[in-house]
Each structure stands twice: as C-alpha cells, then as structure tokens.
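Okay, so here's the structure we're looking at.
Along the sequence shown, residues carry numbers from 1. Note: hydrogens, waters and symmetry copies are ignored here, and every other heavy atom, side chains too, is used.
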Amino acid sequence: SAAIHLIFQALCRSRLAQEPMLAAVQDAGLLSEDPLEAVDHIESSSYTVPSGGCSYARSPGSCDFKFDAIASNVFATLWKHSDLSDEMLLQELGDPTRQLQRLSPVGDEVALLVSSTGRCVVRTVSAEEAQTLVELAPKYSKHLLARPQSLLPRYLGLFRVDLGLGADGQCFVVVMESIFGGVFSANRVFELTGSMHGGQARPQSQGGQMPPSRPCTDAEWLPGGRPLR
C-alpha cells in the first residue's frame, strides 16, 4: 500500500507540474498533440524517490524508493481519454490517509488490493505476465481508443518496484480501474484466472467461515449458483 501511494504521488504530481510547460509549447505551435499520443511503441521511465522525500512524493523512509513505469506512454494516453484525471488518481491512490484494502491473505503468492472507494484494483503479477502485457500494450491501447465501450479491463499502469533486495528483489504490479467504478460494493470476490483442479478458497477463521473479502476461485463460481445475467 505504501509503495502504491509513493508511485502515484511521484507520477501524478510530476505530470501535473509538466502541464503548464506542455500547454505553452503546444500553444506556440512547437509541438503537436500526435507525439504525445503515440502508442505504436513502448516507452518506460525510471523514478527514484530519495529517502528524505521530494517536492512530488513524501519520504519513503531511510532508503531511496525506486520504481519503473513500464509502457508509461501507452497508459498515460489511456488516462487522457478516460474520466480519470491525474488529480483524481492522486486522491484515489496517492493519499496515504486512504489505505488500500488487501483482499488476499498475507503470504499469498499474489497480492490483491482495492482502493478505499473500490474504484481501483492493484495486483502483483509475474515477470512473464508483465512481459505479455508489454507486448500487447500497443494493440490493446489502440483497441480501447477505437472502442471506448469495450468490456476489456482498463489497465492504468504497469510498474516494476525495487524492493532493495538485490537482483531478485523486484516485483511487478498492475493497477486497473474496477468495472464497478466504486459505484457498487462487492459482497463476494472471485478471481477468475484459473485455479488448480478442485481448488477452493481457504477459510481464514477457526469456524470455517470465509469472510466476504477473501477472493474465491473460479472452481467455486458454478457451485455457488451465480450465473451471469
């Protein structure tokens, strides 16, 4: 949760600081809008938040915080064409007083979190999953720009976070907009991405009851009698 806050503080505030300069350059006719919306290639940016903090992000603690925004040009373009502004994302994901709720138990291989309003979902992914998203990003963004009513998930960013543990101390994180947009609350969460045969969510209480926030597996969808309508 703290890492996501730092990432979106640095991203959104730096983008907001650049807006007057970009607007002035465009007004002077020195830069068209086309280069700012080029999604046929991949650009990535590296960020370092110093241990003492900076004008864009608060202090991460005693060590610098480093992360990479992967395919940042693609996702920035999608932001621009959605109703999610930098100010809104800064409030939703960059405000440390609005803690993200963890849906997956501590220790699970995949971490799944949701923002305080339920509008954004954060999930860790493997290096292979991250690479697949990078390869699909140009075509994915063109599809969404041409079909704004598409039911495909809305990715807001892909990040590689340096945990300060050497070569293996990195994790990949995706941020998505929830299809419910924070309007509806979820009384049961399912992760329909494949599971072991016969696998079910593990109960977390001694009474065997599973709290509503615990993600269920796809194997539990049909037995639960929840057809799509």
Side chain of [X], backbone of [Y]: donor and acceptor closer than 3.5 Å?
X      : Y      : answer
Asn73  : His41  : yes
Ser150 : Arg147 : no
Glu43  : Ser72  : no
Ser116 : Leu100 : no
Arg154 : Leu152 : yes

Would Leu145 and His143 count as a side-chain contact (heavy atoms from CB on, under 4.5 Å) if you check the C-alpha gap in whole Å, the side-chain angles of each, and the deciding distance to 0.1 Å? CA-CA 6 Å; Leu145 292 174; His143 177 89; over 6 Å; no

Are [X] and [Y] packed together at the side-chain level, in the sense that at least one heavy-atom pair is separated by less than 4.5 angstrom?
X      : Y      : value
Val121 : Leu112 : yes
Leu144 : Leu78  : yes
Gln9   : Pro96  : yes
Asp95  : His5   : no
Phe75  : Leu156 : no
Val161 : Gln170 : no
Ser126 : Glu129 : yes
Glu92  : Thr117 : yes

Value rounded to 0.5 Å, distance of [atom1] in [X] from [atom2] in [Y]:
X      : Y      : atom1 : atom2 : value
Leu113 : Leu93  : CG    : CG    : 10.5 Å
Arg102 : Ser1   : CZ    : OG    : 10.5 Å
Glu87  : Arg13  : CD    : CZ    : 11.5 Å
Leu89  : Asp86  : CG    : CG    : 6.5 Å
Phe172 : Arg123 : CZ    : CZ    : 14.0 Å

Sequence-distant partners of Gln91, side-chain contact (heavy atoms from CB on, under 4.5 Å), two or more places apart: Arg98

Please name the pair of heavy atoms, one in [X] and one in [Y], separated by the smallest distance, quoted to 0.1 Å.
X      : Y      : value
Met176 : Pro153 : SD-CB, 4.4 Å
Ala111 : Thr124 : N-OG1, 2.9 Å
Ala10  : Ala57  : N-CB, 4.2 Å

Hydrophobic cluster identity match, Leu90 and Leu6, side-chain contacts under 4.5 Å: no

Can you hop from Ile42 to Leu158 via hydrophobic side chains spaced under 4.5 Å? yes

List the residues meeting salt bridge (charged side-chain N to carboxylate O under 4.0 Å, His left out) with Asp68, not counting sequence neighbours, and say none if there are none. Arg160

Output all residues satisfying ring pair (Phe, Tyr, Trp, His ring centres under 6.0 Å) with Tyr47, sequence neighbours left out; order by chain, then residue number. Phe67

Residues in ring pair (Phe, Tyr, Trp, His ring centres under 6.0 Å) contact with Phe159, at least two apart in sequence or another chain: Phe8

Could you walk me through whether Val173 and Ile4 pass the side-chain contact (heavy atoms from CB on, under 4.5 Å) test, one step at a time? CA-CA 9 Å; Val173 178; Ile4 295 300; 3.9 Å; yes

Could you name each residue pair satisfying side chain to side chain donor-acceptor pair (under 3.5 Å) that touches residues 49-63, not counting sequence neighbours? none

Just list the side-chain donor-acceptor pairs under 3.5 Å for residues 130-137, sequence neighbours left out, or say none.
| residue | atom | partner | partner atom | Å |
| --- | --- | --- | --- | --- |
| Gln131 | NE2 | Glu135 | OE2 | 3.3 |
| Thr132 | OG1 | Glu128 | O | 3.1 |

